[in-house]
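Within every chain, numbering begins at 1; the chains are lettered A, B, ... in the order of the sequence lines, protein sequences first and strands thereafter.
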Amino acid sequence: MTVQLPKGTRDFYPEDQRIQNHIFDTWRKACLRFAYEEYEGPMFEHLELYTGKSGDEIVKQLYNFIDKGGRDIALRPEMTPTLARLVIQKGGTLKMPFKWFSIPRLFRYERTQKGRLREFFQLNMDIIGSDSVYAEADLLVGICSMLRDFGLKPADFVIGISSRKLLSTFLTELKATDPTAVYPVLDRRAKIPGDIFLAELAAAGLAAEQVVRLDAFMACKSIDEVKACIQSQDSQAALQELEDLFTILAHAGVSESVALDLAVVRGLAYYTGIVFEVFDRGHSMRAVAGGGRYDSLTERLGGKKVPCVGFGMGDVVLADLLSDRGLLPTTGPTVDFYLVTFAGNMPKLFEVAASLRNAGCSCSHALAPAKVGKQMESANIAGASRVIFVDGDKAPPGEYEFKNLKDGTQGCSTLDQLIKEVQP
RNA sequence: GUGAGUGUGGCGCAAUUGGUUAGCGCACCAGAUUGUGAUUCUGGGGGUCGUGGGUUCAAGUCCCAUCACUCACCCCA
């Protein structure tokens, strides 16, 4: 093998593609059930869309190049900027709010490890033009419904929910001098020992008293506990929003799958309100999905301000989780009929095949004359439910000998009858 | 960017502290079975042991380098 697979990419042999299709089909089915409409965009965009006015450090983590026209181009590392561009381009002509989803192929230039590749797929669901917390609720209920479709139960996953707004207002209460330095530390709370957590908070510019209050705040497991920690009206308003959200989620019947988790911060700078992440119970792998509200992204990209909320769910971690729980389909290929010829009558094979396919049935057959035993074996491999012998001399006129590969029974019948049996 | 681990037919593995022709399972091909599949039996093809160098009478095995992959940290859209 002289040329090998590029680092961080995957081949999808048919058995892999079947699994991939299962994931995509389940995603798409759930999205449509919740009345999200599918959209797409280009797989590469102007680099500027991702760098924007913020730092150029992101360039190190994406695939970019200069095209033959001298343009700075980047393979898309995420879908949200493209979505924002779509929204901005249509100006005010889009009837809001609306709910869209997409399953983009994304690229990131970074070290590979478990759950992180350089090329992957990610379901994106977004609600554009609604500043109501019911939009968050719609997305979260959708995630629960979708994960249930995959066979996952509340015991398998949990959606941790927090609020950037609440964190922000609380840090204001604390009079933290540099909130942006604090966020990354909060994000790591679950991953590092408690004393180191406190030390890092101090390093982020917080005094001892502030650290104590923040630590107590972060330890809250319920809305009521948080209530006791906060004072300002702004904080109370942000908390009220969370409380409203949990109330709605309870009405939707997904309380078992959601939990207040103030350590969910999300690294992305454009989040402005509710944020959430989906984890396997036990946090043994990285987040299956994550998202939140980003009300100012369109504004930052040069459009007018439009309230947005959405999330992304990658295929890699999801497949890892499903595999771990034994929830990936193991079925092979299937076909309605496999046609066998005793005498190598290829014209007859194609003739019968055409009739079956015209009737909407799937069928396969040998592409060169072969011994009957070989053809039967091929029928088996193709996953055929029935074999039809196209030139058997034991069938009455107008009928064909057939064999049911599932139960081994055989007999003679007309094509019409055989077709009816596989099309309930 | 930092650190650790692993590289032996297509896949998964073995090869006694360096020793003779590198084995096994699965898969693949053929036959037993020239009008009937999943079992079984028999036979067969396929490996310059990641690559390059070194030590040695002798290297898959030890040493160095290099490449690739994996895992973790950083980061995480």
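For a distance-only test at 3.5 Å, the side chain of A/K403 qualifies as a donor-acceptor partner of the base of B/rG37. Checked by distance alone, A/R116 brings no side-chain donor or acceptor within 3.5 Å of a matching partner on the base of B/rC71. Counting distance only, with no hydrogens placed and no angle test, the side-chain atoms of A/R111 and the base atoms of B/rU70 include no donor-acceptor pair under 3.5 Å. Remark: the A/Q375 side chain and the B/rU36 base include no donor-acceptor N/O pair separated by less than 3.5 Å.
In this structure, A/F342 has its ring center closer than 6.0 angstrom to the ring center of A/F389. Between A/F337 and A/H365, the distance from one ring center to the other does not fall under 6.0 angstrom.
Rounded to a whole angstrom, the distance from the P atom of B/rG1 to that of B/rC64 is 24 Å. B/rU66 and B/rC11: their C1' atoms are spaced 27 Å apart (whole Å). To the nearest whole angstrom, the two P atoms, one in B/rA15 and one in B/rU6, are 14 Å apart. Between B/rG47 and B/rG23, the two P atoms lie 13 Å apart (nearest whole Å). Separating the P atom of B/rC26 from that of B/rU21 is a span of 28 Å, rounded to the nearest Å. Going from the P atom of B/rG10 to that of B/rU2 covers 34 Å, rounded to whole Å. For the C1' atom pair drawn from B/rG50 and B/rC69, the interatomic distance equals 10 Å after rounding to whole Å. B/rU56 sits 12 Å from B/rC63 when the C1' atoms are compared, rounded to a whole Å.
Ion pair A/R189/A/D215 flagged as a salt bridge, since at least one NZ, NE, NH1 or NH2 atom sits closer than 4.0 Å to an Asp/Glu carboxylate oxygen. Salt bridge status for A/E38 with A/R28: present, with a side-chain N to carboxylate O gap under 4.0 Å.
Note on A/K371: a side-chain N or O is less than 4.0 Å away from OP1 or OP2 of B/rG31. Regarding contacts with the backbone of B/rC69, a side-chain N or O of A/K7 is found under 4.0 angstrom from either OP1 or OP2. Put simply, A/T112 has a side-chain N or O that comes within less than 4.0 Å of OP1 or OP2 on B/rU70. The phosphate of B/rA30 (OP1 or OP2) has a side-chain N or O of A/K374 nearer than 4.0 angstrom. For the pair A/Q113 and B/rA72, the criterion of a side-chain N or O lying under 4.0 Å from OP1 or OP2 is met. Listed pair A/Q61 / B/rC75 fails the phosphate criterion, with no side-chain N or O lying under 4.0 Å from OP1 or OP2.
With 3.5 Å as the limit, one finds a donor-acceptor pair spanning the side chains of A/R33 and A/S145.
Annotation: cation-pi geometry satisfied between A/R118 and A/Y109 (NZ/CZ under 6.0 angstrom from ring centroid, within 45° of ring axis). Relative to the ring axis of A/F121, A/R105 does not place its NZ or CZ within 45° and under 6.0 Å from the centre. Under a cutoff of 6.0 Å and an axis angle of 45°, A/R325 and A/F150 do not form a cation-pi pair.
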For RNA chain B, the dot-bracket pattern of Watson-Crick and G-U pairs whose distances stay under 3.5 Å, | for other-strand partners = (((((((..((((.....[...)))).(((((.......))))).....(((((..]....))))))))))))....
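The separation between A/E277 atom CD and B/rA77 atom C1' is 12 Å, rounded to whole Å.
Partners of A/F170 under the ring-ring contact (aromatic ring centres under 6.0 Å, His included) rule, at least two apart in sequence or in another chain, are A/F217.
Aromatic ring pairs are classed by plane angle as parallel below 30°, tilted from 30° to 60° and perpendicular above 60°; the pair A/Y294 and A/Y270 is tilted.
For residues 280-287 of chain A, proximity to RNA chain B is found at A/R286, defined as any non-hydrogen atom under 4.0 angstrom from a strand atom.
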